[in-house]
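In each ligand, atom 1 is the first atom listed, and ligand 1 is the first ligand listed. All figures in this text were calculated on a predicted structure; none of them were measured in a lab.
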Amino acid sequence: MTSAPILYDLITKDGAALSPWCWHAKMALAHKGIAAEVKPLDFTQKDQVIAAGGKSFPLMVEADGTVSDDSKIITDRLEEICPTPTLFPGGAASHAAYDFMHRYVQTILFPTVVKIILKDIPDVLDGADRDYFIESRTTRFGKSLDEVCAQRDAHRETLSTQLDPFRKALAKGGFISGDTPAMADYLLFGVMQWARVCSPYALISADDALTPWMESLLDLHGGLGRATPAAS
Ligand SMILES: N[C@@H](CCC(=O)N[C@@H](CS)C(=O)NCC(=O)O)C(=O)O
C-alpha cells in the first residue's frame with residue numbers, strides 16, 4: 001500500500017472510539033501494520049461523509065478513492081491489498097470460520113449486548129450527538145433506552161451462555177484464531193471493547209475465563225485497545 005488510507009471512526013464526547021465495527025477495522029489495520037489516517041467523527045457529523053459515498057461506519061477511503069463502507073468489506077480489502085501478515089491464518093478455512101463467526105456476533109451477541117449497555121451510551125455522548133442517539137435508537141427499538149435495558153441482568157446471563165463457545169475455544173490455550181490472534185479474536189474484541197468504552201456495567205466477571213483473553217487483546221498492537229479508557 002503506497003499511502004495511508006483514511007478511516008472514519010465514530011467517537012464519544014471524550015474522543016474515544018466506540019463502535020464495535022470500527023474497533024474490528026482498527027484491529028485489522030493494526031494487525032497489518034497499516035497506520036491509517038483516522039478521522040474521528042461525531043454521530044451528527046456523519047451525514048457529510050455518507051453524502052460523499054459511504055453508508056455507515058467504519059468507512060475506509062484509499063488514496064485512489066476506493067471506498068469500503070463495512071467492517072467486513074474493509075477486512076477483506078485489507079487482506080487483498082496487503083496479504084501479510086494474514087488476518088486468516090489457515091487460509092480459506094479460516095476465512096469461512098470468520099464469515100460464520102461474523103454472523104454469530106452480528107445476529108446473536110450484538111443484540112444481547114445492546115440490551116445490556118444501550119441505556120449507558122448517551123452518557124458518553126453530549127449535545128446534539130446525545131440527542132441524536134437517544135432519538136434514533138428510541139425510534140429503532142420502538143421503546144425508550146431504559147426499557148430496552150430493563151432486564152439487563154437477565155441478558156447478562158444469556159450473554160454468558162452465548163459466550164460459551166469462545167470459552168471452550170480458548171480452553172485449549174492460545175487465541176480464538178489459534179496460536180496467534182487474528183480476525184476471529186478481533187470480532188469478539190470489537191463487541192467487548194464497545195461495551196468497555198460505553199458502559200460501566202461489566203459484561204463478564206473478573207474470574208471469567210474470557211478475562212485474561214480480553215486483557216491480552218487490550219495489550220495487543222502496542223496497547224491500541226487499552227489506550228482508550230473504560231467508561232466509569
Ligand atoms: N455492517 C456494518 C455495521 C456498521 C454500523 O452499524 N455502524 C454504526 C455504528 S456501530 C453506524 O454507522 N451508525 C451510524 C448512526 O447510528 O447514525 C459494519 O460491520 O461495518
Side-chain angles (χ1 to χ4, degrees), residues 5-13 15-31 36 38-62 66-80 87-88 95 98-142 144-145 148-149 183-199 203 225 228 231:
I6 295 171
L7 184 77
Y8 292 96
D9 196 11
L10 290 170
I11 53 163
T12 67
K13 63 184 178 189
L18 79 159
S19 153
W21 318 113
C22 290
W23 273 107
H24 182 174
K26 284 155 80 79
M27 294 298 273
L29 282 157
H31 183 104
V38 177
K39 295 219 179 186
L41 283 180
D42 296 335
F43 275 90
T44 42
Q45 289 176 315
K46 72 183 170 44
D47 289 348
Q48 49 187 305
V49 179
I50 287 183
K55 71 175 186 316
S56 67
F57 299 90
L59 177 71
M60 184 174 81
V61 183
E62 292 167 53
T66 305
V67 173
S68 303
D69 61 359
D70 176 276
S71 58
K72 198 162 174 305
I73 294 171
I74 292 173
T75 303
D76 286 342
R77 178 72 183 152
L78 290 175
E79 190 72 1
E80 184 188 336
L87 291 165
F88 306 105
H95 191 274
Y98 161 75
D99 273 354
F100 172 81
M101 202 179 129
H102 195 273
R103 293 185 186 99
Y104 184 80
V105 169
Q106 272 196 330
T107 62
I108 305 289
L109 294 188
F110 179 78
T112 304
V113 178
V114 164
K115 289 179 229 146
I116 299 172
I117 68 163
L118 192 73
K119 72 174 184 174
D120 297 329
I121 298 180
D123 294 343
V124 298
L125 304 173
D126 63 11
D129 257 24
R130 182 184 162 92
D131 295 345
Y132 163 80
F133 189 86
I134 294 172
E135 194 186 320
S136 62
R137 270 48 179 186
T138 302
T139 303
R140 184 182 298 178
F141 293 103
S144 73
L145 277 48
V148 172
C149 294
M183 241 21 253
D185 295 274
Y186 304 151
L187 263 175
L188 180 59
F189 176 77
V191 171
M192 304 219 15
Q193 174 76 332
W194 166 53
R196 175 180 170 270
V197 171
C198 293
S199 170
L203 285 191
T228 297

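Between atom 17 (O) of ligand 1 and the options W194, F57, F133, Y132, the minimum heavy-atom separation is to Y132.
Contacts of W21 with ligand 1, taken as heavy-atom pairs under 4.0 Å, involve the side chain alone. The proximity of H24 to ligand 1, defined as any non-hydrogen pair under 4.0 Å, does not occur for either the backbone or the side chain. Contact annotation: for R137 versus ligand 1, heavy atoms closer than 4.0 Å belong to the side chain alone. Contacts between L10 and ligand 1 below 4.0 angstrom, taking non-hydrogen atoms only, involve the side chain exclusively.
Not counting sequence neighbours, D42 has no partner by the side chain to side chain donor-acceptor pair (under 3.5 Å) test. When the side chain to side chain contact (heavy atoms under 4.5 Å, CB included) test is applied to P58, the partners found at least two apart in sequence or on another chain are L7, W21, C22, A25, S71, I74.
For L18 against W194, the heavy-atom pair with the smallest separation is O-CD1, 3.0 Å. In plain terms, the two heavy atoms of P111 and Q106 that are nearest each other are CD-O, 3.4 Å. Shortest non-hydrogen contact noted between T75 and M183 is CG2-CG, 3.5 Å.
Looking from atom 2 (C) of ligand 1 to the surrounding protein, the closest heavy atom is D70 OD2, 3.2 Å. With respect to atom 10 (S) of ligand 1, the closest heavy atom belonging to the protein is S19 OG, 3.4 Å. Atom 20 (O) of ligand 1 has S71 N, 2.7 Å as its closest protein atom, hydrogens excluded (heavy atom only).
Ring-plane geometry between F189 and W23 is classed as perpendicular, the angle between the planes exceeding 60 degrees on a 0 to 90 degree scale with a lower cut at 30.
Ligand 1 has at least one atom lying under 4.0 Å from a heavy atom of P58.
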